[in-house]
*Asks:* 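Below are the structure tokens for one structure; questions will follow.
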Amino acid sequence: MTEPAPKQSNWNLPNILTSLRILFTPVFAWLVLSQQWWWAFGVFVALMITDKLDGDIARSRGLITDFGKIADPIADKALMITALVTLNIASNLPVWITVVILVRELGITFWRMWMLRQGKVVPASKGGKLKTVLQTVGVAMYLCPLPGWMDIPTLAVMLIAVAVTVVTGVQYLVDGARANAAGKASA
């Protein structure tokens, strides 16, 4: 009989990077609200880099932990929600964009948790990853003190991000319904 693999310690680099993202989100919020745009931009970029690094390091070194599985998506959502809401307050990001993105993000997050309780894991899709990249670029463009002529391209990127956000949210639900139907048909 083989012994189970030892449980990974929560004290590892990916989890530290995730924790830093959570801890620095209020600092980022303060920078946006005080309109220190270049600092806010720099902190946002650094925090998004930690998002990429923590996942890459965890997968490549076998450092995936229960803490990381829970904390990483929380850190991601906390940072993006904070960015959108603070940009609504301190810049010209339309509020409806934040509302649409928040409804999708929180709705799909709660749906994924419900699916997990049913014993079904819903992995991130390629469209979901594209959504994250577009949202990140859109937020970064709003944070950069760009010349006025960049307002239209900045809004355009954010509108594309909203469209992909909605489409991928619907696609998750459609795929989930198909998987449920297939599971019931085979049972």
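Each residue takes its place number in the sequence, starting with 1.
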*Asks:* Please collect all side-chain hydrogen bond (donor to acceptor under 3.5 Å, both in side chains) contacts where either partner lies in residues 37-49, sequence neighbours excluded, each pair once.
*Replies:*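 Every candidate side-chain hydrogen bond (donor to acceptor under 3.5 Å, both in side chains) pair involving residues 37-49 fails, so no pair, neighbours aside, qualifies.
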
*Asks:* Is it possible for you to say whether Leu159 and Val133 belong to one hydrophobic cluster, with membership spreading through side-chain heavy-atom contacts below 4.5 Å?
*Replies:*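 No; Val133 is not reachable from Leu159 via cluster members.
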
*Asks:* Quick one: does Asp76's side chain get under 4.5 Å of Arg21's, heavy atoms only?
*Replies:*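 Asp76 vs Arg21: side chains touch.
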
*Asks:* To the nearest 0.5 Å, how far apart are CE in Met80 and CG in Leu102?
*Replies:*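 Spacing of CE (Met80) from CG (Leu102) equals 10.5 Å.
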
*Asks:* Going from CG on Leu17 to CG on Leu53, what distance comes out if it is rounded to the nearest 0.5 angstrom?
*Replies:*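 The distance works out to 6.0 Å.
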
*Asks:* Under the side-chain contact (heavy atoms from CB on, under 4.5 Å) criterion, do Ile81 and Ile101 qualify, and how do the steps go?
*Replies:* CA-CA 9 Å; Ile81 290 169; Ile101 291 174; over 6 Å; no

*Asks:* For atom NZ of Lys77, decide whether the heavy atoms of other residues, nucleotides or ligands shown that lie under 6.0 angstrom number more than 12.
*Replies:*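 It does: Lys77 NZ has more than 12 such atoms within range.
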
*Asks:* How long is the span from the OH atom in Tyr172 to the CZ atom in Arg104, to the nearest 0.5 Å?
*Replies:*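 Reported to 0.5 Å precision, the distance equals 6.0 Å.
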
*Asks:* In the single-linkage hydrophobic clustering (I, L, V, M, F, W, Y; side-chain heavy atoms under 4.5 Å), do Ile160 and Met150 co-cluster?
*Replies:*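 Different clusters: Ile160 never reaches Met150 through Ile, Leu, Val, Met, Phe, Trp or Tyr contacts under 4.5 Å.
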
*Asks:* Please examine the side chains of Cys144 and Thr154, heavy atoms only from C-beta on, and report whether any two atoms are closer than 4.5 Å.
*Replies:*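 Heavy-atom side-chain distance check fails, nothing below 4.5 Å.
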
*Asks:* Could you pull out the closest heavy-atom pair between Thr168 and Gly128, with the gap in Å?
*Replies:*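 Closest pair (atom of Thr168, atom of Gly128, distance): CG2-N, 3.9 Å.
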
*Asks:* Only one of Val99, Leu93, Val100 forms a side-chain contact (heavy atoms from CB on, under 4.5 Å) with Ile97, so which one is it?
*Replies:*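 Looking at Val99, Leu93, Val100, the match for Ile97 under the side-chain contact (heavy atoms from CB on, under 4.5 Å) is Leu93.
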
*Asks:* I need the full list of side-chain hydrogen bond (donor to acceptor under 3.5 Å, both in side chains) pairs touching residues 131-146, with sequence neighbours left out, sorted by first then second residue.
*Replies:*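 Only Glu105-Lys131, Glu105-Gln135, Gln135-Thr165 qualify under side-chain hydrogen bond (donor to acceptor under 3.5 Å, both in side chains).
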
*Asks:* Starting from the C-alpha separation in whole Å, work towards a yes-or-no answer on side-chain contact (heavy atoms from CB on, under 4.5 Å) for Phe24 and Leu79.
*Replies:* CA-CA 9 Å; Phe24 274 89; Leu79 178 59; over 6 Å; no

*Asks:* Do Trp114 and Leu106 sit in the same hydrophobic cluster, where Ile, Leu, Val, Met, Phe, Trp and Tyr count as joined when their side-chain heavy atoms come under 4.5 Å apart?
*Replies:*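 Hydrophobic grouping puts Trp114 apart from Leu106.
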
*Asks:* How close do Thr82 and Ala29 get, counting heavy atoms only, and between which atoms?
*Replies:*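 Shortest heavy-atom separation between Thr82 and Ala29 comes out as CG2-CB, 3.5 Å.
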
*Asks:* For Ala71 versus Ile22, what's the shortest heavy-atom pair and its separation?
*Replies:*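 In terms of heavy atoms, the two residues are closest at O-CD1, 4.2 Å.
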
*Asks:* Does any non-hydrogen side-chain atom of Leu173 lie less than 4.5 Å from one of Ile108?
*Replies:*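 Yes; the side chains approach each other to less than 4.5 Å.
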
*Asks:* Would you check if Leu87 and Leu143 make a side-chain contact, meaning some heavy-atom pair closer than 4.5 Å?
*Replies:*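 Touching, per the 4.5 Å side-chain cut-off.
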
*Asks:* Testing the basics here: between Ala90 and Leu33, what is the closest heavy-atom pair and its distance to 0.1 Å?
*Replies:*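 That closest heavy-atom pairing would be CB-CA, 4.3 Å.
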
*Asks:* If you take all heavy atoms of Pro14 and Leu63, which pair is closest and at what distance?
*Replies:*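 Heavy-atom minimum between the residues: CD-CD1, 3.9 Å.
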
*Asks:* Check whether more than 12 heavy atoms from other residues, nucleotides or ligands sit under 6.0 Å from atom CZ of Phe67, and answer yes or no.
*Replies:*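 Atom CZ in Phe67 is packed in, count exceeds 12.
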
*Asks:* Thr18 versus Thr50: any side-chain heavy-atom pair under 4.5 Å?
*Replies:*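 No, their side chains stay 4.5 Å or more apart.
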
*Asks:* Determine whether Val95 and Val32 fall in the same hydrophobic cluster, where Ile, Leu, Val, Met, Phe, Trp and Tyr are linked whenever their side-chain heavy atoms lie under 4.5 Å apart.
*Replies:*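 No; Val32 is not reachable from Val95 via cluster members.
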
*Asks:* Contact between Met158 and Val137 at the side-chain level, heavy atoms closer than 4.5 Å - yes or no?
*Replies:*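 No, every pair of side-chain atoms sits at 4.5 Å or beyond.
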
*Asks:* Going by the side chain to side chain donor-acceptor pair (under 3.5 Å) test, name the single residue among Asp72, Thr65, Asp54 that passes it with Asn15.
*Replies:*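 Exactly one option meets the side chain to side chain donor-acceptor pair (under 3.5 Å) with Asn15, and it is Thr65.
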
*Asks:* From Leu13 CG over to Leu20 CG, what is the distance, rounded to the nearest 0.5 angstrom?
*Replies:*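 These two atoms lie 9.0 Å from each other.
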
*Asks:* Any salt bridge between Arg59 and Asp56, counting N to O under 4.0 Å?
*Replies:*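 Yes, this pair counts.
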
*Asks:* Using side-chain heavy atoms (C-beta onward) and a distance below 4.5 Å, is Leu31 in contact with Phe44?
*Replies:*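 No, too far: nothing below the 4.5 Å cut-off.
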
*Asks:* If we only count heavy atoms from C-beta on, is the Pro145 to Phe41 side-chain gap below 4.5 Å?
*Replies:*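 Contact flag for Pro145/Phe41 side chains = no.
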
*Asks:* Treating Ile, Leu, Val, Met, Phe, Trp and Tyr as nodes and any side-chain heavy-atom pair under 4.5 angstrom as an edge, say whether Phe110 and Val166 lie in one connected cluster.
*Replies:*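 No, it is not one cluster - the side chains of Phe110 and Val166 are not joined through contacts under 4.5 Å.
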
*Asks:* Under 4.5 Å side-chain heavy-atom separation, chaining through any Ile, Leu, Val, Met, Phe, Trp or Tyr, what else clusters with Ile74? Say none if it is isolated.
*Replies:*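 Same cluster as Ile74: Ile70.
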
